[in-house]
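It should be emphasised that the depicted structure is a prediction, and the values quoted were computed from it without experimental measurement.
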Amino acid sequence: MTSVRDDRPVRPTAQDEVAAAGSELIGGPYGRRGLPGTSWWTPVRIIAFVAIGMFALGMVQKFPCFDGGWFHGAGTQYTHACYSDIPHLYNARGFAADLVPYFDRLPGDMEYLEYPVLTGVFMEVASWLTPHGGTIRHREQIYWLVNAGMLMICTAVIAVCVARTHRRRPWDALLVALAPAFALTATINWDLFAVALTAAAMLMWSRSRPLAAGVLIGLATAAKLYPALLLGPLFLLCLRAGRLRRYGAALAGAAVSWLVVNLPVLALAPEGWWKFYTFSQERPVDFGSFWLIISQRTGDPLHAANTWATALTLLVFAGIGVLALAAPRRPRFAQLAFLVVAGFILLNKVYSPQYVLWLIPLAALARPRWRDFLVWQSCEVMYFLGIWMYLAFTSSGDEQQGLPAEGYQLAILVHLAGTLYLCAVVVRDILLPERDPVRRDGSDDPSGGILDGAPDVFALRRRRRERKALYHEGARVRWGVQPPEPAAAEQGSVPVE
């Protein structure tokens with residue numbers, strides 16, 4: 001008899017105690033007499049509207065700055081935790097003067113726009129949509145509103161893509177839609193554009209379209225560097241599953257799309273194109289990193305932080321590689337994607353508050369449990385408040401309002417601890433697949449696409465078993481008898497090498 005796979009959507013209130021308790025606010029858990037599919041309000045639509053609503057609340061949170069905090073001294077935008085790079089860079093990066101990014105030299109020390117090319121295009125398009133009449137303050141306000149509208153579209157794309165990536169678990173995307181750190185940081189910078197492209201790439205991979213996924217990863221990397229990290233987990237998983245040809249299609253798509261975006265600017269304005277990479281390399285130890293704690297505690301500027309951060313990051317990536325190839329069951333794509341991006345963030349020499357946006361969709365797919373997610377989000381909200389209170393302290397002069405350096409260092413440690421906690425839970429799920437909430441119903445890797453249900457053809461654990469079998473075969477030949485079973489050898493009844 002063949003078993004029929006249950007394709008009905010998973011109800012979080014039936015599996016997650018926190019979700020069940022929270023559902024009391026809207027009538028309680030989904031009942032056994034509920035009739036799914038009978039309303040226009042499908043899970044994907046509900047999640048998209050919730051995400052847009054939370055984004056709008058985040059915009060409201062920025063109102064004290066929009067109303068004057070961005071323009072009258074530095075204190076208000078920090079004490080109200082409503083800072084945003086967007087209005088400040090409208091004038092500082094030449095958009096108000098119609099300078100062309102990467103081609104026109106900027107006044108001051110920055111010289112050229114310090115963002116990847118596709119993010120520069122996003123910023124430029126927003127400046128085209130900003131009317132040029134009125135005061136510079138009014139134009140900066142409109143520029144922020146235009147960017148907020150474009151980033152709201154990115155938010156809807158992220159919500160829909162995450163909801164559709166795991167076919168049977170659309171409600172997991174509610175973690176993204178309701179994430180408090182998402183709403184608070186969504187309009188600080190332009191990161192949501194790259195996050196949306198990355199979420200779309202993961203959706204395409206889950207639909208077994210590696211070329212389309214690769215093209216989107218390449219475009220996302222042209223907007224922000226971190227999406228390129230996803231190619232590492234994909235290689236390891238495809239190696240273990242024997243799907244390297246399909247991985248080659250994704251890699252080729254990523255390379256071609258990245259080159260199509262970057263080569264014209266590199267060829268015509270090489271100095272401006274290089275600015276992002278030289279700025280990232282030369283940037284000193286900065287906010288949010290444990291390197292800053294060391295620097296402030298010791299008084300050492302840590303000029304070698306680049307070297308140390310790179311070495312430690314490569315070491316962590318190597319550990320993730322061993323985990324991917326030696327785990328008892330092939331890890332899910334979202335799990336490894338979360339770990340590599342989290343490792344990069346934890347060891348980087350700077351952690352801007354909006355970097356949490358990189359992790360939120362990956363966390364929702366890697367560990368869809370409200371308790372763990374909310375623990376991590378609580379830590380991120382505390383860091384979000386901590387950095388602005390610290391900046392309020394440093395900009396308040398003799399008034400000494402805000403959070404001193406010691407308090408800010410504690411906020412950094414809270415952020416690091418929260419992220420490490422979520423990483424530890426994901427690693428535990430990989431080592432103990434029965435603890436993985438996604439796999440409890442018999443699923444393999446819903447976001448894995450061509451990897452979902454594929455047998456292993458290479459694994460370090462298998463290689464160990466093969467070496468042990470060869471040893472026992474050699475022992476049989478030497479002794480002229482049948483050696484003990486491998487399990488007996490492991491228990492110490494015979495010597496093993």
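Between Leu244 and Cys238, some side-chain heavy-atom pair lies under the 4.5 Å cut-off. Annotation: side chain of Pro353 is in contact with side chain of Ile188 (closest heavy-atom distance under 4.5 Å). With contacts defined as side-chain heavy-atom distances shorter than 4.5 Å, the pair Lys224/Leu197 does not qualify. Put simply, the side chain of Phe182 reaches to within 4.5 Å of the side chain of Leu192, judged on heavy atoms. Residues Ile430 and Leu339 have side chains in contact (heavy-atom distance under 4.5 Å, counting atoms from C-beta outward). Between His138 and Pro131 the shortest side-chain heavy-atom distance does not fall below 4.5 Å. At least one side-chain heavy atom of Arg105 sits under 4.5 Å from a side-chain heavy atom of Tyr112. You'll find the side chain of Ile345 stays beyond 4.5 Å of the side chain of Tyr226, heavy atoms only.
Scanning all heavy atoms of the two residues, the minimum distance from Pro331 to Arg240 falls at CD-NH1, 4.1 Å. Minimum heavy-atom separation, Pro107 to Leu99: CD-CD1, 4.4 Å. Residues Pro170 and Ile47 share a closest heavy-atom pair of O-CD1, 3.0 Å. Nearest heavy atoms, Leu106 versus Ala92: CD1-O, 4.4 Å. Of all heavy-atom pairs spanning Pro368 and Val438, the tightest one is CG-CG2, 3.7 Å. When all heavy atoms of Leu216 and Met204 are compared, the pair lying nearest together is CD1-CG, 3.6 Å.
Atoms OH and CG, on Tyr143 and Asn91 in that order, are 11.0 Å from each other to the nearest 0.5 Å. For the atom pair CD1 (Ile158) and CD1 (Ile153), the distance works out to 12.0 Å, reported to the nearest 0.5 Å. For the atom pair CD1 of Ile360 and CZ of Phe338, the computed distance is 10.5 Å after rounding to the nearest 0.5 Å. Residue Gln409 holds its CD atom at 7.0 Å from CG of Leu292, rounded to the nearest 0.5 Å. Rounding to the nearest 0.5 Å gives a distance of 11.5 Å between CZ of Phe122 and OG of Ser127. Going from atom NE2 of His72 over to atom CG of Asp67 covers 8.5 Å, rounded to the nearest 0.5 Å.
Checking side-chain atoms of Gln61 against main-chain N and O of Ala81 turns up a donor-acceptor pair under 3.5 Å. Side chain of Trp258 to main chain of Leu219: no donor-acceptor pair is present (N/O by atom type, distance under 3.5 Å, no hydrogens or angles). In terms of modelled atom types and a separation under 3.5 Å, the side chain of Trp144 and the main chain of Glu140 share no donor-acceptor contact. Side chain of Ser295 to main chain of Leu302: no donor-acceptor pair is present (N/O by atom type, distance under 3.5 Å, no hydrogens or angles). Side-chain N or O atoms of Arg137 include none that pairs as donor or acceptor with a backbone N or O of Phe71 at under 3.5 Å. A distance-only check finds no donor-acceptor pair linking the side chain of Ser280 to the backbone of Tyr277 [under 3.5 Å]. Using a distance-only test at 3.5 Å, with no hydrogens or angles considered, no donor-acceptor pair links the side chain of Arg283 to the main chain of Lys349. Remark: the backbone N or O of Phe344 is not paired with any side-chain donor or acceptor of Asn348 at under 3.5 angstrom. Remark: the backbone N or O of Gln281 is paired with a side-chain donor or acceptor of Asn306 at under 3.5 angstrom. A distance-only check finds a donor-acceptor pair linking the side chain of Gln141 to the backbone of Phe66 [under 3.5 Å].
Side chains of Tyr115 and Asn189: a donor on one and an acceptor on the other come within 3.5 Å. No hydrogens or angles considered: a donor-acceptor pair under 3.5 Å links the side chains of Tyr421 and Asp372. Neither side chain, Asp104 nor Tyr102, offers a donor N or O lying under 3.5 Å from an acceptor on the other. Ser443 and Asp445 form no side-chain donor-acceptor contact under 3.5 Å, judged by distance and modelled atom types alone.
For the pairing with Pro446, the side-chain contact (heavy atoms from CB on, under 4.5 Å) check across Arg168, Arg167, Arg332 returns one residue only, Arg332.
Under a 4.0 Å N-O distance rule, the pair Lys275/Glu114 does not qualify as a salt bridge. Ion pairing between a basic and an acidic side chain is recognised when a charged N comes within 4.0 Å of a carboxylate O; Asp172 and Arg169 show such pairing. With respect to the salt-bridge test (charged N to carboxylate O, under 4.0 angstrom), the residues Arg330 and Asp444 qualify.
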**Request:** Decide yes or no on side chain to side chain contact (heavy atoms under 4.5 Å, CB included) for Tyr90 and Thr130, but give the supporting numbers first.
**Result:** CA-CA 10 Å; Tyr90 175 66; Thr130 301; 4.0 Å; yes

**Item:** CA sep, side-chain torsions, deciding dist, call: Thr221, Ile217, side chain to side chain contact (heavy atoms under 4.5 Å, CB included)
**Value:** CA-CA 6 Å; Thr221 306; Ile217 289 176; 4.1 Å; yes

**Prompt:** Going through the distances and angles, do Trp171 and Ile46 end up as a side chain to side chain contact (heavy atoms under 4.5 Å, CB included)?
**Reply:** CA-CA 9 Å; Trp171 291 110; Ile46 292 173; 3.8 Å; yes

**Message:** Checking Arg329 against Asp456 for the side chain to side chain contact (heavy atoms under 4.5 Å, CB included) test, could you report, in this order, the C-alpha distance in whole Å, the side-chain angles of both residues, the deciding distance, and whether it holds?
**Reply:** CA-CA 9 Å; Arg329 186 174 175 184; Asp456 282 348; over 6 Å; no

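At most 12 heavy atoms of other shown residues, nucleotides or ligands fall within 6.0 angstrom of atom CZ in Arg209. Remark: Arg164 CZ is loosely packed, at most 12 non-hydrogen atoms of other residues, nucleotides or ligands lying under 6.0 Å away.
Ring pair Phe235/Tyr247: centre-to-centre distance below 6.0 Å. Taking the ring centroids of Tyr383 and Tyr351, they lie under the 6.0 Å cut-off. Ring centers of Trp308 and Trp291: at least 6.0 Å apart, outside the cut-off. You'll find the ring centres of Phe49 and Trp41 inside the 6.0 Å limit.
Note: Trp70 and His88 have perpendicular aromatic rings, judged against thresholds of 30 and 60 degrees for the angle between ring planes. Below 30°, between 30° and 60°, or above 60°: for Tyr408 and Tyr390 the angle between ring planes is below 30°, a parallel geometry.
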